[in-house]
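Let me begin by presenting the structure, written as structure tokens, before commenting on it.
Nothing here was measured: the structure is a model prediction, and the numbers come from that model.
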Amino acid sequence: MSALFSPKMQKNHFRFVFAVCAFLIFVLLFHGMGNWIDRIVESKMSYMQKNLVDVKTLQDTIQLQVVAPLKGEIDRLNLKVRTNAKPFERVARLNIDQRKRILVTGGAGFVGSHLVDVLMKQGHEVTVVDNFFTGRKRNIDHWIGHPNFELINHDVTLPIYLEVNEIYHLASPASPPHYMYNPIKTVKCNTIGTINMLGLASRLKAKFLFASTSEIYGDPLEHPQSESYWGNVNTMGPQILLR
């Protein structure tokens with residue numbers, strides 16, 4: 001063997017064999033590392049999928065064990081509040097063709113609240129609009145919460161858009177101390193407020209009732225006053241605010 005290959009050739013042959021062995025080792029290592037990386041990626045993907053499932057399970061658990069019981073407790077408390085509340089007065093049951101939607105402006109006042117009582121007991125749907133300048137919420141609080149009743153805190157000098165069949169316009173300070181407290185507000189209520197309600201009635205083709213007060217007769221000479229009585233009014237006096 002020594003005779004066939006010179007020392008230089010033997011050295012080159014050794015280098016070649018070493019290089020081939022190193023290459024084979026590298027290939028084996030690379031292939032093994034690829035499999036190792038694949039196993040790591042597969043393990044991470046499995047872990048992420050498991051976590052996603054765990055999150056969904058957690059959400060379902062919270063919905064079932066926390067949210068649902070709380071919702072049930074809230075519904076139970078609402079029912080308890082409704083059943084323990086002061087019962088409403090008995091109202092007539094009307095079908096849809098007979099039941100009217102009625103707007104009462106100034107419905108929290110003395111006359112308006114009694115009108116509301118009558119309309120509610122008749123079975124109609126009543127909406128009260130009042131800014132509580134002279135009216136009081138306690139006059140109608142026994143209807144608050146009834147499905148046929150709605151209360152809106154609103155000044156009739158500003159437009160309002162509702163859907164009703166009839167309008168009872170009672171909004172105005174009536175007694176002298178009230179209508180003299182803010183004369184401009186009284187005039188605006190009786191002019192602009194009435195114009196707004198007439199416009200609403202015109203748009204809806206609704207029946208319109210405009211009520212006034214006996215103060216418009218001034219210092220009357222007959223009692224009670226009939227509709228044909230013209231009154232005894234000082235045109236320069238405070239009653240002119242209500243004319």
Side-chain angles (χ1 to χ4, degrees), residues 74-175 177-179 181-182 184-213 215 241-242:
I74 291 173
D75 293 340
R76 187 185 67 79
L77 291 175
N78 287 335
L79 178 61
K80 183 177 180 181
V81 169
R82 289 196 300 268
T83 54
N84 289 343
K86 180 175 63 176
F88 298 112
E89 297 184 51
R90 184 180 297 276
V91 300
R93 298 180 63 88
L94 302 177
N95 59 42
I96 192 66
D97 297 326
Q98 297 173 320
R99 190 167 62 245
K100 300 176 183 177
R101 294 175 296 177
I102 300 174
L103 169 63
V104 181
T105 66
F110 176 74
V111 176
S113 61
H114 284 81
L115 175 61
V116 168
D117 289 342
V118 172
L119 296 174
M120 286 293 297
K121 291 176 183 178
Q122 290 177 351
H124 301 296
E125 297 178 10
V126 179
T127 300
V128 169
V129 170
D130 204 304
N131 66 350
F132 303 107
F133 179 61
T134 58
R136 293 292 180 266
K137 195 173 183 179
R138 64 173 176 267
N139 292 335
I140 51 174
D141 63 357
H142 53 285
W143 292 117
I144 294 177
H146 194 282
N148 287 356
F149 180 81
E150 182 178 7
L151 173 62
I152 302 176
N153 190 335
H154 183 80
D155 193 327
V156 294
T157 60
L158 302 173
I160 188 170
Y161 301 97
L162 301 170
E163 297 296 326
V164 295
N165 307 116
E166 295 180 357
I167 300 174
Y168 293 83
H169 183 40
L170 311 179
S172 176
S175 66
H178 291 150
Y179 67 68
Y181 175 77
N182 192 337
I184 294 178
K185 187 178 185 69
T186 302
V187 171
K188 290 175 68 176
C189 180
N190 287 315
T191 54
I192 300 175
T194 303
I195 290 172
N196 286 336
M197 291 301 106
L198 285 172
L200 181 64
S202 176
R203 180 177 69 85
L204 299 174
K205 302 295 187 293
K207 292 182 179 180
F208 184 85
L209 173 68
F210 179 43
S212 186
T213 169
E215 283 293 317
L241 293 173
L242 300 174

(request) Please collect all salt bridge (Lys or Arg N to Asp or Glu O under 4.0 Å) contacts where either partner lies in residues 158-170, sequence neighbours excluded, each pair once. (result) K100-E166, E163-R203
(message) According to side-chain hydrogen bond (donor to acceptor under 3.5 Å, both in side chains), who are the partners of E125, at least two apart in sequence or on a separate chain?
(response) R99
(message) Just to verify, what does E89 make a side-chain hydrogen bond (donor to acceptor under 3.5 Å, both in side chains) with, not counting sequence neighbours?
(response) K121
(request) Find out whether F208 and L200 are in side-chain contact, i.e. whether some heavy atom of one side chain is under 4.5 Å from a heavy atom of the other. (result) no
(request) With sequence neighbours excluded, tell me which residues meet ring pair (Phe, Tyr, Trp, His ring centres under 6.0 Å) with H154. (result) none
(message) List the residues meeting ring pair (Phe, Tyr, Trp, His ring centres under 6.0 Å) with F132, not counting sequence neighbours, and say none if there are none.
(response) none
(request) Tell me, please, which residues at least two apart from N165 pass side-chain hydrogen bond (donor to acceptor under 3.5 Å, both in side chains). (result) none
(message) Please report the interatomic distance CG(D130) to CG(N153), rounded to the nearest 0.5 Å.
(response) 7.5 Å
(request) Would you indicate whether the side-chain heavy atoms of V91 and H124 approach each other to under 4.5 Å? (result) no
(message) With rounding to the nearest 0.5 angstrom, report the CZ to OG distance, R138 to S113.
(response) 10.5 Å
(request) Search all heavy atoms of N139 against all heavy atoms of F110 and return the closest pair with its distance. (result) ND2-N, 4.5 Å
(message) Suppose we screen for side chain to side chain contact (heavy atoms under 4.5 Å, CB included). Which residues come up paired with R90, at least two apart in sequence or across chains?
(response) none
(request) Please report the closest heavy-atom contact between C189 and A171, naming both atoms and the distance. (result) SG-O, 3.0 Å
(message) Please enumerate all residues that pass side chain to side chain contact (heavy atoms under 4.5 Å, CB included) together with N95, with sequence neighbours excluded.
(response) D97, Q98
(request) Could you walk me through whether W143 and D117 pass the side chain to side chain donor-acceptor pair (under 3.5 Å) test, one step at a time? (result) CA-CA 8 Å; W143 292 117; D117 289 342; 2.6 Å; yes
(request) Enter the distance from L204:CG to L162:CG here, rounded to the nearest 0.5 Å. (result) 8.0 Å
(request) Only pairs at least two apart or in different chains count here, so list each salt bridge (Lys or Arg N to Asp or Glu O under 4.0 Å) that has a residue in residues 144-157. (result) D155-K185
(request) Could you tell me whether the side chain of L103 reaches within less than 4.5 Å of the side chain of M197, counting heavy atoms only? (result) yes
(message) Between V116 and V126, is there a side-chain heavy-atom distance shorter than 4.5 Å?
(response) yes
(message) Ignoring hydrogens, what is the shortest heavy-atom contact between A108 and I140? Give both atom names and the distance.
(response) CB-CD1, 4.0 Å
(request) Answer whether the closest heavy-atom distance between the side chains of L170 and V104 falls below 4.5 Å. (result) yes
(request) Can you spot which of I192, T186, N190 makes a side-chain contact (heavy atoms from CB on, under 4.5 Å) with K188? (result) I192
